[in-house]
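Remember, it's 1-based here, ligands and their atoms both numbered in the order they're listed. This one's a predicted model, so the numbers in the text were calculated from it and none came from an experiment. Hydrogens, waters and symmetry mates play no part in the numbers below; they use all other heavy atoms, side chains included.
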Amino acid sequence: MERLLDSMPPLVPKIRKQAPLSIRSSQLPTHVEGFETPPESLRTHWPAGETEAQRRLERFLDETAEDYDRLRDLPAKPGTSQLSAYLAAGVISVRQCLHAAIDRNRGDLDSGSKGVQTWITELIWREFYKHIMTGYPRVSRHRAFRPHTEALPWRHAPEELKAWQEGRTGFPLIDAAMRQLLATGWMHNRLRMVTAMFLTKNLLIDWREGERHFMRHLIDGDFASNNGGWQWSASTGTDSVPYFRIFNPVTQSRRFDPEGRFIGQWIPEIDHLSENIHLPRSNSDIFENKVYPRPIVDLSRSRERALEAFKGLPRSKG
Ligand SMILES: Cc1cc2nc3c(=O)[nH]c(=O)nc-3n(C[C@H](O)[C@H](O)[C@H](O)COP(=O)(O)OP(=O)(O)OC[C@H]3O[C@@H](n4cnc5c(N)ncnc54)[C@H](O)[C@@H]3O)c2cc1C
């Protein structure tokens with residue numbers, strides 16, 4: 001710990017050693033003019049206040065952080081901190097999270113627990129996107145970070161957009177994720193990437209549509225992280241995924257939800273399908289009886305269409 005604190009900029013230890021400020025909170029309002037009161041289910045899922053944020057941080061570090069690098073990609077497991085809403089609202093700071101993590105890692109930032117180190121790198125992604133927004137303000141004006149990608153021939157496909165928004169694409173992992181978002185105001189990070197890539201690559205719909213939908217429904221909606229995540233997935237952003245690396249939602253489903261537990265939780269009507277839960281068979285009676293929709297797009301043809309669209313772009317001037 002000594003070693004690390006000595007090597008940190010003076011501001012950080014200084015802040016740490018300050019006595020806690022005593023701020024008297026006023027009573028939480030039950031209603032805010034101009035905003036709908038969230039339903040009870042959301043309020044139970046995301047209790048307001050600093051005490052809850054600190055409780056989540058401690059619990060995560062006690063019970064999960066060690067295994068974070070192994071669990072963080074599995075949506076069926078509670079393998080992440082679920083602190084994003086509290087960070088976005090400013091109820092807890094990223095410094096508090098960082099220092100708590102370093103403390104648990106015996107003062108080490110880049111050695112010790114692999115799980116804790118990985119978690120710290122995620123906190124840094126958040127900071128990275130804040131810096132991008134400050135350094136490149138065009139991203140907050142609906143512009144792509146890579147200007148040449150503005151020429152992409154995005155499709156106007158309102159029915160497909162609506163199917164994606166409502167979790168009716170016929171791809172169970174995508175639909176389960178979109179339903180999780182609508183029901184809880186939160187979506188697992190792996191699924192944010194998979195659903196965003198499906199919208200922008202397989203449906204070739206403008207990332208700004210997805211960004212807007214997420215911002216409307218996410219309880220942790222944070223302009224910089226949301227924009228950064230969308231532009232990463234759409235290959236229009238900084239350090240973004242190469243355009244030809246397109247996640248296949250069925251392969252992702254088999255890999256990260258192998259037993260279909262996450263899918264079954266959000267789409268109980270297909271929970272009985274065992275291995276076929278990742279992509280119901282085309283001769284299945286669930287389609288005939290309209291229990292679950294057929295896929296709205298052919299994955300390999302739509303992949304080719306996206307590749308063509310990106311290949312047709314003018315060259316980036318850097
Ligand atoms: C398309 C897309 C949209 C996103 N929109 C948002 C958003 O509006 N608000 C938001 O807070 N995060 C957003 N993220 C990032 C990430 O998905 C969430 O921060 C994470 O799922 C929150 O869950 P957690 O608190 O359990 O995270 P943990 O895994 O416990 O991570 C701890 C914290 O690190 C930060 N963090 C983790 N991953 C990322 C990341 N990839 N980028 C930036 N910060 C990260 C978050 O503040 C998070 O609370 C988005 C990612 C994508 C791909």
Among protein heavy atoms, which sits nearest to atom 38 (N) of ligand 1, and what does the distance come to when rounded to 0.1 Å?
Glu122 OE1, 3.0 Å
Gln82-ligand 1 polar pair, N/O distance under 3.5 Å:
yes
Trp119 near ligand 1, heavy-atom distance under 4.0 Å?
yes
Where is the nearest protein heavy atom to atom 30 (O) of ligand 1: which residue, which atom, and how far?
Ser81 OG, 2.6 Å
Quick one: do the Asp175 and Thr169 side chains pair a donor with an acceptor below 3.5 Å?
yes
Atom 17 (O) of ligand 1 [closest protein heavy-atom partner, distance rounded to 0.1 Å]:
Asn189 OD1, 2.7 Å
State whether the shortest distance between N or O atoms of Ser233 and N or O atoms of ligand 1 falls below 3.5 angstrom.
no
Tell me which protein heavy atom sits closest to atom 3 (C) of ligand 1, plus the residue, atom name and distance to 0.1 Å.
Asn226 OD1, 3.3 Å
Should His131 and Thr134 be marked as a side-chain contact (heavy atoms from CB on, under 4.5 Å) after you check the CA-CA gap, both sets of side-chain angles, and the distance that decides it?
CA-CA 5 Å; His131 282 267; Thr134 312; 5.6 Å; no
Which is it for Trp154 and Ile205 under the side-chain contact (heavy atoms from CB on, under 4.5 Å) test, yes or no, and what are the steps along the way?
CA-CA 5 Å; Trp154 299 117; Ile205 291 178; 5.7 Å; no
Report, in ascending order of atom number, the atoms of ligand 1 lying under 4.0 Å from any heavy atom of Leu87.
47 (O), 49 (O)
Out of Arg126, Met215, Arg72, indicate the one that has the non-hydrogen atom closest to atom 44 (N) of ligand 1.
Arg126
Start with the C-alpha distance between Lys130 and Asp222, add both sets of side-chain angles, then the distance that settles salt bridge (charged side-chain N to carboxylate O under 4.0 Å, His left out), and finish with yes or no.
CA-CA 10 Å; Lys130 292 248 181 282; Asp222 172 273; 2.8 Å; yes
Ring-plane angle category for Trp119 and Tyr68, please: parallel below 30°, perpendicular beyond 60°, tilted otherwise.
perpendicular
Distance to 0.1 Å, residue and atom name: give those for the protein heavy atom nearest to atom 8 (O) of ligand 1.
Asp222 N, 3.0 Å
So which of Ile92, Ile120, Asp220 gets nearest to atom 7 (C) of ligand 1, if we judge by its closest heavy atom?
Asp220
Is the backbone of Leu173 close enough, under 3.5 Å, to the side chain of Asp257 for a donor and an acceptor to pair up by distance?
no
May I ask whether Gly221 places a heavy atom under 4.0 Å from ligand 1?
yes
Numbered atoms of ligand 1 (with element) below 4.0 Å of Leu83, judged on heavy atoms:
25 (O), 49 (O)
If you compare all heavy atoms of Ile277 against all heavy atoms of Gly264, which two are closest, and at what distance to 0.1 Å?
CD1-N, 4.1 Å
Arg294 atom CZ, over 12 foreign heavy atoms within 6.0 Å:
yes
Judged by non-hydrogen atoms, does Tyr86 sit under 4.0 Å from ligand 1?
no
Mind checking whether Met193 has a heavy atom under 4.0 Å from ligand 1?
yes
Considering only protein heavy atoms, which is closest to atom 33 (C) of ligand 1, and at what distance to one decimal place?
Leu123 CD2, 3.7 Å
May I have the list of side-chain donor-acceptor pairs in residues 299-306 shorter than 3.5 Å, sequence neighbours left out?
residue	atom	partner	partner atom	Å
Ser300	OG	Asp298	OD1	3.2
Ser302	OG	Asn202	ND2	3.0
Ser302	OG	Asp298	O	2.8
Ser302	OG	Leu299	O	3.1
Arg303	NH2	Phe244	O	3.3
Arg305	NH2	Asn202	O	2.8

His188 versus Phe256: any side-chain heavy-atom pair under 4.5 Å?
no
Considering only heavy atoms of Leu218, which atoms of ligand 1 have at least one such atom less than 4.0 Å away?
5 (N), 7 (C), 8 (O)
For Trp230, is at least one N or O under 3.5 Å away from an N or O on ligand 1?
no
Taking atom NE2 of His156 as the centre, report whether more than 12 heavy atoms of other residues, nucleotides or ligands fall under 6.0 Å from it.
no
Tyr68, portion touching ligand 1 at heavy-atom distance under 4.0 Å:
side chain
For Tyr129, the ligand 1 atoms whose distance to one of its heavy atoms is below 4.0 Å
42 (N), 43 (C)
Are Leu42 and Pro39 packed together at the side-chain level, in the sense that at least one heavy-atom pair is separated by less than 4.5 angstrom?
yes
Applying a 4.0 Å heavy-atom criterion (strictly less than), which segment of Phe128 is in contact with ligand 1: side chain, backbone, both, or neither?
neither
Of the backbone atoms (N, CA, C, O) and the side-chain heavy atoms from C-beta on, which set of Trp186 has a member under 4.0 Å from an atom of ligand 1: side chain, backbone, both, or neither?
side chain
Worked verdict on Ile132 versus Gln231 for side-chain contact (heavy atoms from CB on, under 4.5 Å):
CA-CA 12 Å; Ile132 292 299; Gln231 295 221 43; over 6 Å; no
Ligand-residue contact atoms, ligand 1 with Trp125, heavy atoms, under 4.0 Å
40 (C), 42 (N), 43 (C)
So CH2 of Trp230 and CE of Met197: to nearest 0.5 Å the spacing works out to 10.5 Å
To which protein heavy atom is atom 14 (N) of ligand 1 closest, and what is the distance rounded to 0.1 Å?
Arg192 NH1, 3.6 Å
Does Phe247 have Lys201 sitting over its ring (NZ/CZ under 6.0 Å from centre, angle to axis within 45°)?
no
Among all protein heavy atoms, pick out the one at the shortest distance from atom 19 (O) of ligand 1; state its residue, atom name and that distance to 0.1 Å.
Ser84 CB, 4.1 Å
